[in-house]
Number of protein chains: 2
Amino acid sequence: MESSQLLFKIQVNSKIYVKDPETSVLGKKIIEYGILLIDEIGFEEFTFKKLGDLIGSNESSLYRYFENKHKFLIYLSSWYWSWIEYRIHVATNAVVNPFEKLTLAITIATEKIEDDSTTAHINESILNKIIIQEFTKTLHTKEVDEENKEGFFLIYKRIINTIIAFVNEVNPDYPYAKSLVSSIVEGSLHQHFLMCHLKTITNCSEHNKPTNFYLHLISTLLKK
Amino acid sequence: MESSQLLFKIQVNSKIYVKDPETSVLGKKIIEYGILLIDEIGFEEFTFKKLGDLIGSNESSLYRYFENKHKFLIYLSSWYWSWIEYRIHVATNAVVNPFEKLTLAITIATEKIEDDSTTAHINESILNKIIIQEFTKTLHTKEVDEENKEGFFLIYKRIINTIIAFVNEVNPDYPYAKSLVSSIVEGSLHQHFLMCHLKTITNCSEHNKPTNFYLHLISTLLKK
DNA sequence: TAAAATTGAAAGTATTACTATTAACTTTAC
DNA sequence: GTAAAGTTAATAGTAATACTTTCAATTTTA
């Protein structure tokens, strides 16, 4: 377990938190149970008061780690995308064929996450559910431009840029690489959402995953 | 003006409101200035108290029209999608060629809306900005399944189903018509958002609109 | 002209989203 | 080993939100 934690260092922008939650027991409890509570009651109903009650800590203690629940969600999202980025890096690192690299990256970025035990206090499968349900809310605020300047969305944009480079390797003549990739990464969250809640307007299901749709899309679209 | 209103009857599910805002002067003021206020301060900061102050009415009067601000946003969204549906219907009605019908529908669904004077109290261009910024929030709640059962998202799904039928006419062998269309309708809002806020991960700009990206996409993808 | 419906004003409640203060506890430094 | 520094918890407090209720005034309609 220690060795796996050495291999994988999550890089969350330090401006997102007041105090790094990875540095204390309370901090890790906030992350662990915060994920579970947001999944259970949804981000709108989630408050630091409720999370404090759940972990037996006072509300004010939680404010020493995160300014507010919006920053907390940005923290969880950054952690998630950093973890995805790491997995894309590991999977594609030794691969030479551009189309194979692209396929691997898109698979990792669009797949449903099954439980993983890399980190003791984070349930990646539930975190993935939260990202599907809530990630869009980190961007859709009046503060998005300032927060973007502060670098809060850097990891997310870096993943997209990595995949854009793969698309350009596969077919340098395709004129919409950026829009295609940002569509796929965001759109796959949406397809997962539709699978759960608006089943009639998606082809995706347990047996026919969003990943299949997007792999079919890129192979048709980038054919020369 | 009267004749244009006869031609175009918006069908908003009556469960969305407490009292139909179209039936009174106050109701129309709520819609008109509600749109302007959400655009100005964002949905998170928007409250009925602030809107009441803006239009010189008491907060409690606004609650006679809408249960809460979430329902108000669903009302505005339904109005918007109903208006888009009407425009798609008018544009494609007399067209026989399936690819042309599809092109027209996708253009209408993905284009930025310039001001339109169909209705005196609704600024469609600003409403379009609100949809780009806030529509996703109507779906991403814990109540989405109940609200879907109540039919709150019917018009949105109906537009998508209409375009799915056009895709099937163009190429009945394409296996992901539903996911493709739901991706396009939702994704175009996202591309418009990126154009404003995260310019580095989209090819879209004033000169190269999301509509172009999607028209290129379907013509490549549905080619036989 | 009476009845019904609409609106506004005022007051009230529970909860949210914090901040400030102080005391208790833990860690580190010499 | 003890003093100083830092961390955490408990309590209390504030302003705003998201409503609801009541009642009076006004407007509409029958």
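In the text below, chain A, chain B and the rest are named by the order of the sequence lines, each starting its count at 1. Every heavy atom of this structure was used, including side-chain atoms; hydrogens, water molecules and symmetry mates were not.
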Student: Looking at DNA chain C, which of residues 46-64 of chain B put a heavy atom within less than 4.0 Å of it?
Tutor: B:Ser57, B:Asn58, B:Ser60, B:Ser61, B:Arg64
Student: Taking only Lys NZ, Arg NE, NH1 and NH2, and the carboxylate oxygens of Asp or Glu, determine whether A:Glu147 and A:Lys142 approach each other closer than 4.0 Å.
Tutor: no
Student: For D:dT8, does either OP1 or OP2 sit under 4.0 Å from a side-chain N or O belonging to A:Tyr65?
Tutor: yes
Student: Looking only at the aromatic ring of each residue, does the gap between the centers of A:Trp81 and A:Phe135 stay below 6.0 angstrom?
Tutor: yes
Student: Output the rounded distance in Å from NZ (B:Lys19) to P (C:dT7).
Tutor: 5 Å
Student: May I have the distance from A:Phe72 (atom CZ) to C:dA17 (atom C1'), rounded to whole angstrom?
Tutor: 16 Å
Student: To the nearest Å, give me how far apart CG (A:Leu37) and P (C:dT16) are.
Tutor: 12 Å
Student: How close or far is atom C1' of C:dA17 from atom CD of A:Glu67, stated in whole angstroms?
Tutor: 12 Å
Student: How would you list, by chain and number, every residue that makes a ring-ring contact (aromatic ring centres under 6.0 Å, His included) with B:Phe46, sequence neighbours excluded?
Tutor: B:Phe72
Student: Nearest to the side chain of A:Leu26 - D:dC19, D:dA18, D:dA9?
Tutor: D:dA9
Student: Below 4.0 angstrom, N of the basic side chain to O of the carboxylate: do A:Asp53 and A:Lys49 qualify?
Tutor: yes
Student: With a cut-off of under 6.0 Å to the ring centre and 45° to the axis, is B:Lys71 in cation-pi contact with B:Tyr17?
Tutor: no
Student: With a 3.5 Å cut-off and no angle check, do the side chains of B:Ser77 and B:Thr138 form a donor-acceptor pair?
Tutor: no
Student: State, without any angle test, whether B:Ser78 and B:Tyr156 hold a side-chain donor-acceptor pair at a distance under 3.5 Å.
Tutor: no
Student: When the distance from NZ of A:Lys28 to C1' of D:dT7 is rounded to whole Å, what number comes out?
Tutor: 16 Å
Student: B:Trp79 vs B:Trp83 aromatic rings, parallel, tilted or perpendicular, using cut-offs 30° and 60°?
Tutor: parallel
Student: Which class fits the ring pair B:Tyr176 and A:Phe213: parallel under 30°, tilted 30 to 60°, perpendicular over 60°?
Tutor: tilted
Student: Could you give the CD-to-P distance, from A:Glu44 to D:dT17, as a whole number of Å?
Tutor: 17 Å
Student: If pairs are Watson-Crick or G-U with both distances under 3.5 Å, what is the dot-bracket string of DNA chain C, marking crossing pairs with [ ] and pairs to another strand with |?
Tutor: ||||||||||||||||||||||||||||||
